Amino acid sequence: MNGPPKLARPDLVPDPDRGRETMEAQQRDIASEARFADDFEFDPATIIDGPLATPDEDPPLVAGIDQAFLDDRVISAIVVSRGGEVVERVYAVTDLSIPYIPGLLAFREGGPILDAVAELTSTPDLFVFDGSGRIHFREAGIATHMGVVLDVPSVGVAKSLLCGTPTRSVEGLAAGERVPIESDEDVTATAGERIGYAVQTRQYDSPNRHINPLYVSPGHRVGAATAADLVLALADGYKLPEPTRRADAYADEAKSLVDD
DNA sequence: GCGACAG
DNA sequence: ATCTTGTCGC
């Protein structure tokens, strides 16, 4: 009952109708305001999503955010859980204004996400977004943009790599393994920085087929290594971390509920 | 002009 | 992202 996080930077809320140059300029501002290093209250070692080892544990509140689409409307769902137990679920239906443009995702889905955040009655300790954070052309992916606007710890979890270069092959990694992603020529403002990790949360036993890794990057107030640790701790037998899976399922549920 | 890119 | 059943492999 603490209420949703306030808009720490209302001036940086993504505005869809402003033109590419302006949007990119704002992303540079976002990147300069972002902190890609650990700066949060909870103990990362207590993060878990599943049966608690000891009954007296009190894991942090983690919010998973995902969206589902219905014509030109988007359903933004947020599921907040603590140690695997769902604490709250909220969603918002918002009209979409611009199409998906690689690099400008936050301007399409950011506003809708903030609409859902406003519905929260709890205050999550960590936000897990669907998409990149620092792994972005201007180091301002949607996880970073939302993290800075709300000034909350956040991480980005993407299913494919937007930009940056893995330091080695990411094919067929074993579950639990990770490979650093470094900034390259596609990432302006930095060079050779460790902007995220390819994280293998799950893998098949057979040599035939293999699962691709997740691409995890810092959103805001979380370092790259910690972001990878957190995602591994939040995964439970599936490729996607549990908070994301719950938000995904809830978004679909709300979608069919809203559908007409 | 070509390439190439989260959701 | 979304349209969608079965089906390959352990």
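Given the structure is predicted, the values throughout are model-derived calculations rather than measurements. Every chain is numbered from 1 and lettered A, B, ... according to where its sequence line falls, protein lines coming before strand lines.
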query: Taking a hydrophobic cluster as the set of Ile, Leu, Val, Met, Phe, Trp and Tyr residues connected by side-chain heavy atoms closer than 4.5 Å, whether directly or through intermediates, do A/Val128 and A/Val80 fall within one such cluster?
result: no
field: Enclosure of A/Arg209 CZ (heavy-atom neighbours >12, cutoff 6.0 Å)
entry: no
task: Assess whether salt bridge (Lys or Arg N to Asp or Glu O under 4.0 Å) is satisfied between A/Arg9 and A/Asp29, documenting all intermediate values.
output: CA-CA 11 Å; A/Arg9 294 302 300 273; A/Asp29 291 343; over 6 Å; no
- request: To the nearest 0.5 angstrom, please state how far the CG atom of A/Leu162 sits from the CD1 atom of A/Ile181.
  value: 11.5 Å
query: If you measure from CD on A/Gln200 to CG on A/Leu214, what distance do you get to the nearest 0.5 Å?
result: 8.5 Å
task: Look up atom OG1 in A/Thr46 and atom CG in A/Asp58, then write down how far apart they are to the nearest 0.5 Å.
output: 8.0 Å
Within residues 202-239 of chain A, residues whose heavy atoms come under 4.0 Å of DNA chain C: A/Ser206, A/Asn208
Under 3.5 Å: donor-acceptor pair, side chain of A/Lys255, backbone of A/Phe69: yes
- prompt: Does a donor on one side chain sit under 3.5 Å from an acceptor on the other, for A/Glu182 and A/Thr165?
  reply: no
- request: Could you encode protein contacts along nucleotides 2-7 of chain B as a string, one character per nucleotide from 5' to 3', using B for base contact, S for sugar-phosphate-only contact and - for no contact, with a heavy-atom cut-off of under 4.0 Å?
  value: ---BBB
message: With side-chain contact (heavy atoms from CB on, under 4.5 Å) as the test, pick out the partner of A/Val222 among A/Val216, A/Val155, A/Asp229, A/Thr144.
response: A/Val155
message: Checking side-chain contact (heavy atoms from CB on, under 4.5 Å) between A/Val117 and each of A/Ile78, A/Val149, A/Ile65, A/Leu7, which is the one that passes?
response: A/Ile78
query: Should stems be defined as at least three consecutive Watson-Crick or G-U pairs with both distances under 3.5 angstrom, which of them involve DNA chain B?
result: none
task: Answer with yes or no whether the side chains of A/Thr121 and A/Glu88 bring together a donor and an acceptor at under 3.5 Å.
output: yes
- request: Give each stem of DNA chain C as a range with a range, requiring at least 3 consecutive Watson-Crick or G-U wobble pairs whose two distances are under 3.5 Å.
  value: none
message: Is a donor from one side chain sitting under 3.5 angstrom from an acceptor on the other, for A/Thr190 and A/Glu139?
response: yes
field: Euclidean distance, A/Leu104 CG relative to A/Arg20 CZ, rounded to 0.5 Å
entry: 5.0 Å
- prompt: Got a sec, which pairs hit salt bridge (charged side-chain N to carboxylate O under 4.0 Å, His left out) with one end in residues 141-152 of chain A, sequence neighbours left out?
  reply: A/Asp151-A/Arg221
message: Please determine whether salt bridge (Lys or Arg N to Asp or Glu O under 4.0 Å) holds for the pair A/Asp66 and A/Arg245, giving the CA-CA distance in whole Å, both sets of side-chain angles, and the decisive distance to 0.1 Å.
response: CA-CA 9 Å; A/Asp66 192 35; A/Arg245 297 187 66 241; over 6 Å; no
- line: Under a 4.0 Å heavy-atom criterion, DNA chain C is touched by chain A from C/dA1 to C/dC10
